[in-house]
Amino acid sequence: QVRLVESGGGLVQAGGSLRLSCAASETIYNFNVMGWYRQAPGKQRGLVAAIRGAGNTFYVDSVEGRFTISRDSAKNTVYLQMNSLRPEDTAVYYCAASTRIEKWPLPNDYWGQGTQVTVSS
């Protein structure tokens with residue numbers, strides 16, 4: 001079965017940086033779309049960023065210019081580099097993937113368990 005495991009969350013001060021990792025149980029070559037979502041308490045889960053096999057990336061406006069999604073196929077891992085963090089970035093961050101390119105930019109077939117990111121004022 002497909003397994004996605006997130007890591008790298010933690011507590012940082014506003015303006016700081018974190019790098020999230022999503023390790024897949026199989027080659028990410030099979031995942032045409034991968035991405036990151038986040039969910040704050042009492043809020044619905046929303047997409048943050050996505051990447052597909054051709055290298056195209058997508059970001060929501062609120063993180064554009066601050067976050068960068070990338071991949072390392074040799075390590076079966078995707079990353080989310082988060083810079084200039086703000087308190088409103090506080091949320092549980094989830095990795096997601098899909099083998100189906102038609103899901104772009106919203107992979108939702110496979111999910112990780114999430115990693116907490118907390119940004120203090």
Side-chain angles (χ1 to χ4, degrees):
Q1 70 276 18
V2 174
R3 184 167 179 253
L4 304 175
V5 180
E6 303 98 330
S7 62
L11 173 64
V12 298
Q13 294 181 351
S17 298
L18 283 173
R19 186 195 189 208
L20 305 183
S21 298
C22 173
S25 59
E26 59 190 75
T27 175
I28 60 173
Y29 186 81
N30 294 329
F31 299 124
N32 283 308
V33 186
M34 299 190 72
W36 291 91
Y37 293 74
R38 65 186 180 188
Q39 186 171 25
K43 306 292 184 180
Q44 66 180 19
R45 189 175 302 184
L47 181 73
V48 176
I51 188 167
R52 59 179 172 180
N56 307 73
T57 57
F58 173 89
Y59 302 93
V60 295
D61 290 344
S62 59
V63 308
E64 186 86 50
R66 298 189 297 122
F67 292 9
T68 302
I69 187 170
S70 62
R71 64 190 176 193
D72 187 338
S73 296
K75 296 180 179 180
N76 294 329
T77 301
V78 296
Y79 303 95
L80 186 68
Q81 178 67 45
M82 305 185 295
N83 299 325
S84 301
L85 283 162
R86 306 164 179 168
E88 53 263 41
D89 294 319
T90 295
V92 177
Y93 283 70
Y94 297 90
C95 180
S98 178
T99 60
R100 296 178 287 174
I101 189 64
E102 61 266 29
K103 287 286 189 173
W104 177 259
L106 296 164
N108 62 0
D109 294 321
Y110 308 103
W111 295 90
Q113 293 298 308
T115 185
Q116 177 71 46
V117 171
T118 302
V119 184
S120 62
S121 301

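- Across all non-hydrogen atoms, the minimal contact from M34 to C22 is CE-SG, 4.4 Å.
- Side-chain N or O atoms of E6 include one that pairs as donor or acceptor with a backbone N or O of C95 at under 3.5 Å.
- Looking at every heavy atom in both residues, N76 comes nearest to I28 through OD1-N, 3.4 Å.
- No path of Ile, Leu, Val, Met, Phe, Trp and Tyr side chains, each step under 4.5 Å between heavy atoms, connects Y29 with I69, placing them in separate hydrophobic clusters.
- With values rounded to the nearest 0.5 angstrom, Y110 atom OH is found 11.0 Å from Q1 atom CD.
- Closest non-hydrogen pair, L18 versus V117, comes out as CD1-CG1, 3.8 Å.
- Separating the CG atom in L4 from the OG1 atom in T77 is a distance of 10.5 Å, to the nearest 0.5 Å.
- Judged by distance alone, with hydrogens and angles left aside, the side-chain atoms of R3 form no donor-acceptor pair with the main-chain N or O of S25 at under 3.5 Å.
- Annotation: E26, atom CD; neighbour count of heavy atoms from other residues, nucleotides and ligands within 6.0 Å is above 12.
- Aromatic ring orientation, F58 versus W104: perpendicular (interplanar angle above 60°, classes split at 30° and 60°).
- Proximity of a side-chain donor or acceptor of Q113 to a complementary backbone N or O of V5 within less than 3.5 Å is not detected.
- At least one side-chain heavy atom of T68 sits less than 4.5 Å from a side-chain heavy atom of Y59.
- The aromatic rings of W111 and Y37 sit tilted relative to each other, their planes meeting at an angle between 30° and 60°.
- Taken to the nearest 0.5 Å, the OG1 atom of T57 stands 6.5 Å off from the CD1 atom of I51.
- Once rounded to the nearest 0.5 Å, the distance linking CZ of F67 with CG of L20 reads 8.0 Å.
- Listed for the R100 side chain is no donor-acceptor partner under 3.5 Å among the backbone atoms of V33.
- Between F31 and V2, the closest side-chain pair of non-hydrogen atoms falls below 4.5 Å.
- Closest approach of A91 and A40 over heavy atoms only: CB-N, 3.8 Å.
- To the nearest 0.5 Å, atom CG of residue D89 and atom CZ of residue R38 are 4.5 Å apart.
- In this structure, R71 contributes its side chain and G53 its backbone to a donor-acceptor pair below 3.5 Å.
- Rounding to the nearest 0.5 angstrom, the gap separating the CG atom in L11 from the OG1 atom in T90 is 8.5 Å.
- Residues P87 and A14 share a closest heavy-atom pair of CD-CB, 4.1 Å.
- Applying the 6.0 Å contact sphere to CD of Q44 captures no more than 12 heavy atoms from other residues, nucleotides or ligands.
- V63 approaches V48 most closely through the heavy-atom pair CG2-O, 3.7 Å.
- The environment of E102 atom CD is dense: over 12 non-hydrogen atoms of other residues, nucleotides or ligands sit within 6.0 angstrom.
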